[in-house]
Every structure is written in C-alpha cells, then in structure tokens.
Amino acid sequence: MRAAVLTGFQAPMEIREVEIDDPGPGEVRVRIKASGVCGSDLKAIDGKSPVVREPPFILGHESAGVVESVGAGVTGLRPGDPVIIAMNGPCGRCRHCGAGRFHLCSGPARLQAIMGGAPRVRLDGRETRRFIGIGSFAEYAVVAETMCVKVGGDGADFAALALLACGVVTGVGAVLNVARVEPGSSVLVVGCGGVGLNVVQGAVLAGATTIVAADVAESKLKLAERFGATHTLLAADLPKQVGELVRGGADYAFDVTGVPGVLAQAFAATRQGGTTIMVGSPPAGRPVELDPGLLFASRRLMGTQGGDAAPHRDLPMLAGLYRRGRLDLDGLISERLPLDAVNDAVAHVREGAVARTVITF
C-alpha cells in the first residue's frame with residue numbers, strides 16, 4: 001500500500017510503498033477513507049511526542065474507513081462495515097475498565113498500541129511503527145476490533161466522521177465527561193483551533209449561556225462565533241478581560257493551547273469554586289506556576305485524555321448529533337487534500353490558517 005512515512009524528525013514525510021499484514025486474531029484491516037491532520041501529528045514530526053521514539057513511523061490517527069477484511073475471532077464486524085477508528089481500544093478487563101474509566105485502560109495491548117502497536121507494516125523489509133497503533137496516513141490500517149466503532153452506512157461522509165475520533169470527542173468530551181458543565185453556566189475557551197471549536201460546541205450542547213472564546217488570531221475568533229461563542233477576546237490579560245464580561249470570573253475554563261503560562265491565566269480567570277480543564281498538553285517537564293491563594297477559594301484544575309471518552313458509547317452518540325444537525329462537523333473541515341499533499345496539509349495546520357485539514361482517499 002501507499003503510506004506517508006516519517007523517516008526523520010523535522011523532515012517532510014515521504015510517500016512510499018510499504019507492506020501491510022493481513023489482520024491477526026481479533027484484528028481488522030480498514031481501508032482508510034479519511035484522516036484528519038492533528039496537532040499531535042505535528043508534535044511527532046518535531047520529535048516532541050512521548051510515543052514516537054524513533055523513525056521510521058507512519059503518522060495519522062484521526063480516521064474513518066471501511067472494513068476490508070477481518071481476522072479470526074472477530075464477530076462484531078464484517079467486510080464493508082463503515083467504521084471510525086478510535087484512539088483507544090479498551091481491554092475491558094483491567095481495574096480502570098472495570099470501573100468504567102476506559103480512557104485509562106492499562107491492559108498490555110492498549111499500552112503496546114500507544115507505543116506504535118504490533119509490527120504490522122514494513123518499509124524495505126524493516127518493521128515500521130504506526131502512530132498510536134493506527135498510522136492512518138496510509139491506504140490501510142490493521143487495528144484491534146475493539147478500536148473500531150461501527151457507524152452509519154450509505155452516504156456517510158468519512159471526512160466528517162473521521163473528526164469524531166480525536167478533535168471532536170476530545171473537545172466535546174472535555175465539556176460533557178470531564179467538567180460536566182451545567183446548564184446556564186459561563187464557559188471560557190482559550191485556543192480556538194480544531195479542538196477548541198469543539199469545546200465551544202460542547203458548551204452549547206451542555207446549555208452554557210455565556211461562552212467566551214479567546215485566541216490570539218482574529219480569524220479563529222470569527223470561527224468560534226460561528227460555532228456558538230457568545231463573546232470573543234483577543235487574548236491578553238485573561239483574568240481582567242473575562243472579569244469585565246463575567247462578574248467574578250467564569251464557572252469553567254478550558255485551556256486548549258498547551259502553553260503553561262496560558263493555563264495559569266485561564267485558571268485565574270475562573271470564579272471562586274470554578275473549574276479549569278487542561279485540554280492541551282504542555283511540553284513534558286515544563287512547570288505550571290499557579291497562585292496558591294486561588295486554590296484556597298476551592299478552584300479546581302483537572303486534566304483530560306481524549307475527552308475521557310468511552311469510544312463505543314461516545315462516538316455513536318456524537319455521530320447521531322451530527323446526523324440530527326446538532327453538531328457541526330462539515331464546518332470544521334477547511335480543506336480536503338489527497339495523500340500526496342500531506343506535507344502541504346501539515347504546513348497549513350502549522351500556519352493556523354485552518355480549523356481542520358483532512359486527507360481523503
């Protein structure tokens with residue numbers, strides 16, 4: 001198959017012919033139809049991802065497609081089924097899965113997938129890892145059956161469905177699963193890229209009545225208004241700016257930037273008893289400095305991993321909201337490009353000129 005292969009950090013990906021295995025027991029091979037370009041892919045290219053140790057690597061993880069073949073023991077899927085490939089395939093047996101915390105699955109297969117998955121692809125005879133065990137910047141992916149969520153059939157827009165796998169479930173999940181925003185609340189969203197826009201959409205779904213979107217790019221603020229923001233701010237002094245809009249500060253703040261100083265500002269922009277969710281991940285080892293006096297006022301700081309999603313519960317729910325017109329996925333797609341243009345897609349994401357670029361096949 002053809003795949004975009006990262007052969008060196010901070011280098012363009014190369015479109016190469018690679019060999020891919022048939023699915024093993026409990027696995028399926030998916031013909032990729034669409035794969036979004038995510039900030040996590042850019043971190044991997046830059047050598048800043050904790051799960052990409054050394055190239056060569058096939059990136060891409062936000063994806064959807066059609067089951068092409070199944071391995072022994074697969075009972076829930078068959079060739080021709082349209083699926084979203086989830087970022088995690090819970091084992092269902094570890095203590096976290098037993099408690100319903102599927103996003104924290106500690107089963108050995110899940111941990112192996114995070115580090116690139118079982119070797120199913122070879123470049124020039126050399127085993128090549130796949131990002132988060134997926135590697136969807138390629139024509140096919142072999143993944144565990146548990147990572148595939150069956151979705152609507154004929155007429156499915158795979159480019160839209162692919163976004164559910166990462167950007168949408170992370171943003172909406174941060175609101176509904178992690179913060180559990182209450183109707184009538186005030187919400188601050190800092191960083192209005194692909195994930196941040198879905199935090200805005202999640203706040204709308206939760207019934208928040210004041211949704212303040214903050215960014216350093218005015219073009220992104222215009223997008224945030226389209227997705228439901230009631231107020232927008234060119235970010236400077238967030239505690240002061242938010243305090244002028246919402247007396248005492250926001251009930252909930254979501255930092256989607258991954259910048260430690262921005263997280264501290266978002267935290268300080270919440271009211272007494274408010275909650276801040278760290279959606280974007282700061283670089284490993286970078287400290288976050290918070291005024292301890294703010295903690296004494298019962299403010300909370302929480303993190304999230306992929307919106308704390310349970311894929312087989314949350315992805316069908318989000319797909320249903322999309323079909324009923326309550327979740328805008330089409331508006332998130334700024335451009336659709338072929339695999340040969342994957343490096344152009346990466347450049348556009350770096351420039352901040354797009355909400356989401358999707359590679360289509």
Side-chain angles (χ1 to χ4, degrees), residues 38-40 42-43 46 48-50 103-104 166-167 169-181 185-203 206 208 210-217 220-221 224 229 231-246 248-309 349-350 352:
C38 176
S40 298
L42 273 59
K43 286 184 179 180
D46 294 339
K48 297 178 180 179
S49 171
H103 60 289
L104 297 177
C166 179
V169 76
T170 297
V172 176
V175 175
L176 302 184
N177 297 335
V178 186
R180 302 193 178 188
V181 168
S185 299
S186 57
V187 170
L188 167 66
V189 183
V190 189
C192 299
V195 176
L197 293 176
N198 286 296
V199 176
V200 172
Q201 292 207 88
T210 302
I211 304 172
V212 182
D215 203 291
V216 295
K220 292 186 177 181
L221 296 179
H231 302 75
T232 59
L233 296 172
L234 278 172
D237 183 345
L238 286 175
K240 180 176 183 296
Q241 291 173 295
V242 174
E244 292 171 352
L245 291 174
V246 184
D251 296 317
Y252 302 91
F254 296 83
D255 171 39
V256 199
T257 69
V259 178
V262 174
L263 177 62
Q265 280 207 37
F267 183 75
T270 60
R271 63 167 175 79
Q272 292 186 0
T275 298
T276 301
I277 309 297
M278 184 183 72
V279 182
S281 57
R286 288 281 303 276
V288 177
E289 295 183 3
L290 301 175
D291 179 353
L294 298 175
L295 290 168
F296 281 109
S298 298
R299 290 178 175 84
R300 296 185 299 165
L301 174 61
M302 305 173 67
T304 176
Q305 180 179 319
D308 290 12
V349 174
R350 286 194 191 281

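Nothing here was measured: the structure is a model prediction, and the numbers come from that model. Residues: numbered from 1 along the sequence shown.
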Tightest non-hydrogen contact, residues Val279 and Thr304, listed as CA-CG2, 3.9 Å
In this structure, CD of Gln265 is separated from CG of Asp237 (nearest 0.5 Å) by 6.0 Å
Looking only at heavy atoms, the pair that brings Arg299 and Leu294 closest together is NH1-O, 3.4 Å
Between Ser281 and Lys43, the two heavy atoms sitting closest are OG-NZ, 2.8 Å
Given the options Val256, Val242, Thr257, Val190 meets side-chain contact (heavy atoms from CB on, under 4.5 Å) only with Thr257
Scanning both residues in full, the closest heavy-atom pair of Cys192 with Val189 reads SG-O, 4.3 Å
query: Is it true that a side-chain atom of Gln305 and a backbone atom of Thr170 form a donor plus acceptor pair closer than 3.5 Å?
result: no
Taken to the nearest 0.5 Å, the spacing of Leu263 CG from Leu290 CG works out to 6.5 Å
Side-chain donor/acceptor of Asp251 to backbone N/O of Gly274, under 3.5 Å:
no
Rounding to 0.5 Å, atoms OG1 (Thr232) and CG (Leu221) come to a distance of 5.0 Å
- Measure from the side-chain N and O atoms of Gln241 to the backbone N and O of Ala236, and report whether any donor-acceptor pair falls under 3.5 Å. yes
Item to check | Short side-chain to backbone donor-acceptor contact, Asp46 and Lys48, under 3.5 Å | outcome: no
Rounding to 0.5 Å, atoms CG (Leu301) and CG (Asp255) come to a distance of 9.5 Å
Surrounding CD of Glu244 (heavy atoms of other residues, nucleotides or ligands, distance under 6.0 Å), is the total greater than 12?
yes
**Request:** Find out whether Val212 and Leu233 are in side-chain contact, i.e. whether some heavy atom of one side chain is under 4.5 Å from a heavy atom of the other.
**Result:** yes
Sequence neighbours excluded, the answer for side chain to side chain contact (heavy atoms under 4.5 Å, CB included) partners of Ala253 is Leu188, Ala266, Thr270, Thr276
In this structure, CD of Glu289 is separated from CZ of Phe267 (nearest 0.5 Å) by 14.0 Å
Does Arg350 have more than 12 heavy atoms from other residues, nucleotides or ligands lying within 6.0 Å of its CZ?
yes
Closest non-hydrogen atoms of Leu238 and Ala214, given as atom of the first, atom of the second and distance, are CD2-CB, 3.8 Å
Are Met302 and Met278 packed together at the side-chain level, in the sense that at least one heavy-atom pair is separated by less than 4.5 angstrom?
no
Rounding to 0.5 Å, atoms OG1 (Thr210) and OH (Tyr252) come to a distance of 13.0 Å
In terms of heavy-atom contacts, Val175 and Val199 come closest through CG2-O, 3.5 Å
